[in-house]
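FYI, side chains are in, hydrogens and waters are out, and symmetry mates aren't considered; it's all heavy atoms of this structure.
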Amino acid sequence: MGHRWAAVLLASAILGAWHSAPPAGDPLPLVERLGATDAAARRGAADALIASGDRRLLAPVVDQLFFTAPRLREQCLRVLAALSGEPLPRRYMEWVEYVSSRDDLAPPPGYLGWKGKLLAHIDRRFAALLREGVPVRLRAAEIVSGGVRFDGIPSLDQPPHVTAAEATYLQERETVFAARLGGEARAWPVRILSWHEMLNDRLGGEPVTLSYCTLCRSAQLFRGRLPGGEETTFGTSGLLYRSNKLMFDHRTLTLWSNLTGEPLLGPLAAGAQPLEVLPLTTTTWGDWRRRHPDTTVLALQPELGRRFGYDYVPGAADARRAGVTFPVPRRDARLPEREEVYGLRLGAHVKAYPMATLLAAGVVDDAVGGEPVVLVAEATSGAVRAYRRGTHSLRLDAGGALRDERGRQWEMGEEALRVNGGSESLERLPGVASYWFAWQAFYPGSEVWVAH
């Protein structure tokens, strides 16, 4: 390929398509010239790229398309059409989806560092993150800008809390994320997390991080420790992967998936060990307060909202970002793209439960990869909790009590199911709610539960 590129570059230089030829064998500087202000330079670069027939360049040309002014994009689009052999869509997102869905389009050598330098036009820190030689466990071609700078969405770090009685700003039917850890309960209202998307807190004496990807509606509670046990905090990188936010830890600057908790790019991606996911409940404030009267809740800070231009009214964040979408590499028509599912992952096995059907069923005895599980869903609050069930079979009686095959009543907790009057308990499992398009993008071929 190097000799072929040398010939192409030499011919183009002779034709005077640009002022100085890029290094022989390296086509990426040519890609950059597709965004040049000089029309002859753009046209010459496009001619050379098309003449190469090198389909590996589709990903970098798509990246360059994003950074090229709309009035100058014609040559980028011409190269994309020629190298792909596809009709000429004009939208950047369509090309991202095309490249993302093709496993045979590996970019050329040096692409990661080149892309980092390109993204540095948004924030110079991206060049330090995306650099050659860094461990990578994702397709770099699928990394896209979320439209903000590195750490540009301010996280909530060790925010103040108030008691349930003091949280007069909350409505009974308002949605909150909530958890109980080490005997301490806390709620974090969605109306606030929808703006900040990342929260670093302490609960039950332990550091925790709540990460909320508003694009795919996935909220995860992680123990705020790296796989080696070091305590850390997390922020929003400003980059997306498969329409899911890439968060970063402040200790190593590794990029992590919000949906899976796995390290995808950076020093810790070499080890591939995920963060510890903790059980998180999405429910109403009224239901959580009744179950946990000792709970604390995130304090409302109007001055913080004014500082960043955030309106902490329920639904305000969703209204501002209405219509914002990002591409995913594949589509699975078994469910509508934006149908909400509750996902469970046990080892190598994953399963998605359509939320509406699950809430209608109430209690579901099932298995994931041969492991017996039970899911308890409450239509009134929208809460879903999953547990290992061992050899038990559970159901709701006429009065709404949860009973097993022997008629014993079980009490639902945030960390376990416990039998009344006994010591037996069943471990809570950390599941995650998300849109179907996001779940299937990270877990293609996921099993889908069907009600019987």
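Considering all non-hydrogen atoms of both residues, Arg242 and Pro329 come closest at NE-CG, 3.5 Å.
The ring pair (Phe, Tyr, Trp, His ring centres under 6.0 Å) analysis of residues 318-373, with sequence neighbours excluded, yields the pairs Tyr353-Trp449. The stretch residues 42-66 participates, sequence neighbours left out, in these ring pair (Phe, Tyr, Trp, His ring centres under 6.0 Å) pairs: Phe66-Tyr92. Evaluation of the ring pair (Phe, Tyr, Trp, His ring centres under 6.0 Å) test over residues 133-155, restricted to residues two or more places apart or in two chains, returns Phe150-Phe248.
For Ser194 (side chain) and Arg191 (main-chain N/O), no donor-acceptor pair under 3.5 Å exists by modelled atom type. A distance-only check finds no donor-acceptor pair linking the side chain of Arg55 to the backbone of Leu105 [under 3.5 Å]. Side-chain atoms of Gln220 come within 3.5 Å of backbone N or O of Leu259 as a donor-acceptor pair. At least one donor-acceptor pair closer than 3.5 Å links the side chain of Arg42 to the backbone N or O of Ala36. Of the possible donor and acceptor atoms, none in the side chain of Arg388 sits under 3.5 Å from a partner among the backbone N and O of Glu371. Formation of a donor-acceptor pair under 3.5 Å by the Arg428 side chain with backbone atoms of Glu414 is found in this model. For the pair Arg389 (side chain) and Asp366 (backbone), a donor-acceptor distance under 3.5 Å is present. At distances below 3.5 Å, at least one donor-acceptor pair connects side-chain atoms of Lys115 with backbone N or O atoms of Ala140.
Classification of Glu231 and Arg202 as a salt-bridged pair holds, one side-chain N sitting under 4.0 Å from a carboxylate O.
Residues that satisfy the salt bridge (charged side-chain N to carboxylate O under 4.0 Å, His left out) test with Glu340, not counting sequence neighbours, are absent from this structure. With sequence neighbours excluded, the residues that form a salt bridge (charged side-chain N to carboxylate O under 4.0 Å, His left out) with Arg223 are Glu206, Glu276. In terms of the ring pair (Phe, Tyr, Trp, His ring centres under 6.0 Å) criterion, residue partners of Phe437 (sequence neighbours excluded) are, by chain and number, Tyr435. Among residues two or more places apart in sequence or in another chain, the side chain to side chain donor-acceptor pair (under 3.5 Å) test is passed with Trp256 by Asp249. Every residue two or more places apart in sequence or in another chain that forms a salt bridge (charged side-chain N to carboxylate O under 4.0 Å, His left out) with Arg217 is listed here: Asp318. Partners of Arg338 by salt bridge (charged side-chain N to carboxylate O under 4.0 Å, His left out), not counting sequence neighbours: none found. In this view, Asp365 and Ser393 satisfy the side chain to side chain donor-acceptor pair (under 3.5 Å) rule, not counting sequence neighbours. Applying the ring pair (Phe, Tyr, Trp, His ring centres under 6.0 Å) test to Tyr387 and every residue at least two apart in sequence or in another chain returns nothing. Annotation: ring pair (Phe, Tyr, Trp, His ring centres under 6.0 Å) contacts of Tyr169 (sequence neighbours excluded): none.
Using modelled atom types, one finds a donor on one side chain and an acceptor on the other under 3.5 Å when comparing Glu262 with Thr260. For the residue pair Thr283 / Thr281, no side-chain donor-acceptor distance below 3.5 Å is found, with atom types taken as modelled. Remark: the Asp201 side chain and the Trp188 side chain contain an N/O donor-acceptor pair separated by less than 3.5 Å.
If you take OG1 on Thr209 and CZ on Arg225, they are separated by 11.0 Å, rounding to the nearest 0.5 Å. If you take CD1 on Ile143 and CG on Leu112, they are separated by 6.5 Å, rounding to the nearest 0.5 Å. In this structure, the separation between CG on Leu57 and CG on Leu28 is 7.0 Å, given to the nearest 0.5 Å.
A perpendicular orientation is assigned to the rings of His196 and Tyr310, their planes being inclined by more than 60° (bins at 30° and 60°). Note: Trp439 and Tyr443 have tilted aromatic rings, judged against thresholds of 30 and 60 degrees for the angle between ring planes.
By the 6.0 Å contact criterion, CZ on Arg124 is open, its count of non-hydrogen atoms from other residues, nucleotides or ligands being 12 or less.
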